[in-house]
Amino acid sequence: MTIDEQINFLTRGCVDVVSKADLAKKLESGKTLKIKLGCDPTSADLHLGHSVALSLLRRFQDLGHTAVLVIGDFTAAIGDPSGRDSTRPVLPREQILQNAKTYTDQAFKVLDPAKTEVCFNSEWLEPFVAGKDLLTTLQHVTVAQVLERDDFKKRMAAGNPISMLEVLYSLFQGQDSVALKADVELGGTDQIFNLLVGRQLQKNNGQEPQVAITVPLLVGLDGVKKMSKSYKNYVGLTDAPDDMFGKIMSIADEVMPMYYELLTTENLDDIKQMHPMQAKKKLAHLLVARFYDETTANAAQTHFETVFSKKELPSDMPTFKPEPGALLSAVIFAAKAAESKNKARGLILQGAVRLNEQKITQDGPLAFNNGDVLQIGKRHFFKLVK
């Protein structure tokens, strides 16, 4: 690729690039660049929204550069205030380290492990805070700069507190870039302030400033709100293949181009020429193949087409043995088809549960015969045994 082609490839779907001239200069140098992506392990699971930045990081890897995945075991104890209207709860270190392990496992579903460096920012931030470096660095960041942040302005206007630790967060993230001598840092659009602080701190330390690149926040399955577990509109990176395929098939047609642009390298003009159903199946197949493999993606597509397109029962449904006399909601929860018994009851009341094709709308003891088929929602099927 020419430099212009590389820049177009690397900035596809991106919002901020500060700056393209700096990025061109770094690419023209011919050296292997350090591309930094930080993640605070504040929860155990990642979803497709998280994979947008990971996919961009993978593009840099495909051009021969090194991905540096910074696990914020130090900063996770503070909580990134970006885009937040309240202070994050502080997590115990044991939980942070446990979450960090799941993060790296899931990140390698996208990234090439051979071209990835994983590091923990407590390695340099703990001595940074314990020594005099923090005080020296604070001289170069003004109160006015911090209070210009849109999220801080909104919280102050609403009377919501902002801790001093949150004020210092961008400084700590910027110090990550100094410690690593990062060439490029990636993040969501809500991260732009933190990324620019990193550029400034590198300049103050006599380093060539990093290029700051932001990606949009992926819209969820509802086509309205950003993808989030809180909104229940997400596709988890560890979702079962059939669930992942089915969820992707449920996205709104109008947001499908965004998914293609941010999550794949497919030619967008070619996608626009396809029938929406065909394009959606292709997208679902591509993503299941990425997070699992081609054979699994083929099986997930066959399952979807059998169950939903042809209205047939899947041939390989798992068996499940309910406890004698158990309530239907308890059976659904035990089969892991709902996150709680309350949510199972909600599915029953919504008419989303069927026994042998007959809808059940009341919770109660489950009466069944050997071989009966219990269907929960559109994707969960069980052959019941006694």
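Atom set for the values below is all heavy atoms of this structure, side chains included, hydrogens, waters and symmetry mates excluded.
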K.L.:
Within a 6.0 Å radius of atom NZ on K109, are there more than 12 heavy atoms belonging to other residues, nucleotides or ligands?
P.N.:
yes

K.L.:
Taking S51 for its side chain and L54 for its backbone only, find out whether a donor-acceptor pair lies under 3.5 Å.
P.N.:
no

K.L.:
Would you mind checking if K181 and E208 are paired as a salt bridge, meaning a charged N to carboxylate O distance below 4.0 Å?
P.N.:
no

K.L.:
Do V68 and L37 have side chains that get closer than 4.5 Å, going by heavy atoms?
P.N.:
no

K.L.:
Report yes if the side chains of T238 and F291 come closer than 4.5 Å at any heavy-atom pair, otherwise no.
P.N.:
no

K.L.:
Which residue pairs satisfy the ring pair (Phe, Tyr, Trp, His ring centres under 6.0 Å) criterion with at least one member in residues 242-268, sequence neighbours excluded?
P.N.:
F245-F304

K.L.:
Are K280 and D253 ion-paired here, with the side-chain N under 4.0 Å from a carboxylate O?
P.N.:
yes

K.L.:
Taking Q207 for the side chain and K203 for the main chain, is one N or O donor matched with an acceptor at less than 3.5 Å?
P.N.:
no

K.L.:
I'd like to know if the side chain of T102 pairs up with that of D105 as donor and acceptor (distance under 3.5 Å, no hydrogens or angles considered).
P.N.:
no

K.L.:
Under a 3.5 Å distance rule, please check whether N233 uses its side chain to pair with a backbone N or O of K226 as donor and acceptor.
P.N.:
yes

K.L.:
Is a side-chain N or O of T11 found less than 3.5 angstrom from the main chain of I7, in a donor-acceptor match?
P.N.:
yes

K.L.:
Can you name the nearest heavy-atom pair linking M1 to Q6, along with the distance?
P.N.:
O-NE2, 3.4 Å

K.L.:
If you compare all heavy atoms of L349 against all heavy atoms of T361, which two are closest, and at what distance to 0.1 Å?
P.N.:
CD2-O, 3.7 Å

K.L.:
Do we see a donor-acceptor contact under 3.5 Å between the side chains of E185 and Q173?
P.N.:
yes

K.L.:
Is there any side-chain hydrogen bond (donor to acceptor under 3.5 Å, both in side chains) pair reaching into residues 366-386, and which pairs are they, with sequence neighbours excluded?
P.N.:
N356-D372

K.L.:
Apply side-chain contact (heavy atoms from CB on, under 4.5 Å) to residues L374 and L328 and explain how you reach the verdict.
P.N.:
CA-CA 10 Å; L374 180 65; L328 177 57; 4.1 Å; yes

K.L.:
Looking at D62 and R58, is any side-chain nitrogen of the basic one under 4.0 Å from a carboxylate oxygen of the acidic one?
P.N.:
yes

K.L.:
Does the side-chain contact (heavy atoms from CB on, under 4.5 Å) test come out yes or no for K281 and E305, once each step is laid out?
P.N.:
CA-CA 10 Å; K281 282 185 182 179; E305 290 172 346; 3.1 Å; yes

K.L.:
Taking D243 for its side chain and D239 for its backbone only, find out whether a donor-acceptor pair lies under 3.5 Å.
P.N.:
no

K.L.:
Counting N and O atoms only, with roles assigned by atom type, does the side chain of E117 sit under 3.5 Å from a partner on the main chain of K34, one being a donor and the other an acceptor?
P.N.:
no

K.L.:
Would you please name every residue forming a ring pair (Phe, Tyr, Trp, His ring centres under 6.0 Å) with Y103, sequence neighbours left out?
P.N.:
none

K.L.:
Apply side-chain contact (heavy atoms from CB on, under 4.5 Å) to S177 and L201, showing your working.
P.N.:
CA-CA 8 Å; S177 298; L201 293 185; over 6 Å; no

K.L.:
Pairing donors with acceptors under 3.5 angstrom, does anything connect the side chains of Q210 and D183?
P.N.:
no

K.L.:
So, for V288 and A297, which heavy atoms are closest and what is the spacing to 0.1 Å?
P.N.:
CG1-CA, 3.6 Å

K.L.:
Please list all pairs passing the ring pair (Phe, Tyr, Trp, His ring centres under 6.0 Å) test where one or both residues lie in residues 43-67, with sequence neighbours left out.
P.N.:
H47-H50

K.L.:
Do Q61 side-chain atoms and K115 backbone N/O form a donor-acceptor pair below 3.5 Å?
P.N.:
yes

K.L.:
Tell me every residue that passes side-chain hydrogen bond (donor to acceptor under 3.5 Å, both in side chains) with N8, counting only those two or more places apart in sequence or in another chain.
P.N.:
none

K.L.:
Hydrophobic clustering (ILVMFWY, side-chain heavy atoms < 4.5 Å, transitive) - are F108 and M244 grouped together?
P.N.:
yes

K.L.:
Please report the closest heavy-atom contact between Y234 and S228, naming both atoms and the distance.
P.N.:
CD2-O, 3.8 Å

K.L.:
Using side-chain hydrogen bond (donor to acceptor under 3.5 Å, both in side chains), reason through T295 and N298 one step at a time and then give a plain yes or no.
P.N.:
CA-CA 5 Å; T295 301; N298 290 336; 5.5 Å; no

K.L.:
Treating N194 as the side-chain partner and Y169 as the backbone partner, does any N or O pair qualify as donor plus acceptor under 3.5 Å?
P.N.:
no

K.L.:
L195 and L186: which non-hydrogen atoms are nearest, and at how many Å?
P.N.:
CD2-C, 4.1 Å

K.L.:
List in chain and number order the residues that pass side-chain contact (heavy atoms from CB on, under 4.5 Å) with K336, two or more places apart in sequence or in another chain; answer none if no residue qualifies.
P.N.:
none

K.L.:
Pair L263, L287 - check side-chain contact (heavy atoms from CB on, under 4.5 Å), show working.
P.N.:
CA-CA 8 Å; L263 300 174; L287 294 178; 4.2 Å; yes

K.L.:
So, does Q106 use its side chain to make a donor-acceptor pair with the main chain of L46 at under 3.5 Å?
P.N.:
yes

K.L.:
With no hydrogens and no angle check, just 3.5 Å: does a side-chain donor-acceptor pair link Q200 and N204?
P.N.:
yes

K.L.:
Could you go step by step and tell me if S55 and R290 meet the side-chain hydrogen bond (donor to acceptor under 3.5 Å, both in side chains) rule?
P.N.:
CA-CA 11 Å; S55 297; R290 172 185 296 174; 3.1 Å; yes

K.L.:
Could you report the tightest heavy-atom contact between I348 and S329, atom names first, then the distance?
P.N.:
CD1-N, 3.9 Å

K.L.:
Determine whether more than 12 heavy atoms belonging to other residues, nucleotides or ligands lie under 6.0 Å from atom NZ of K26.
P.N.:
yes

K.L.:
Does T2 use its side chain to pair, donor to acceptor, with the backbone of E5 at less than 3.5 Å?
P.N.:
yes

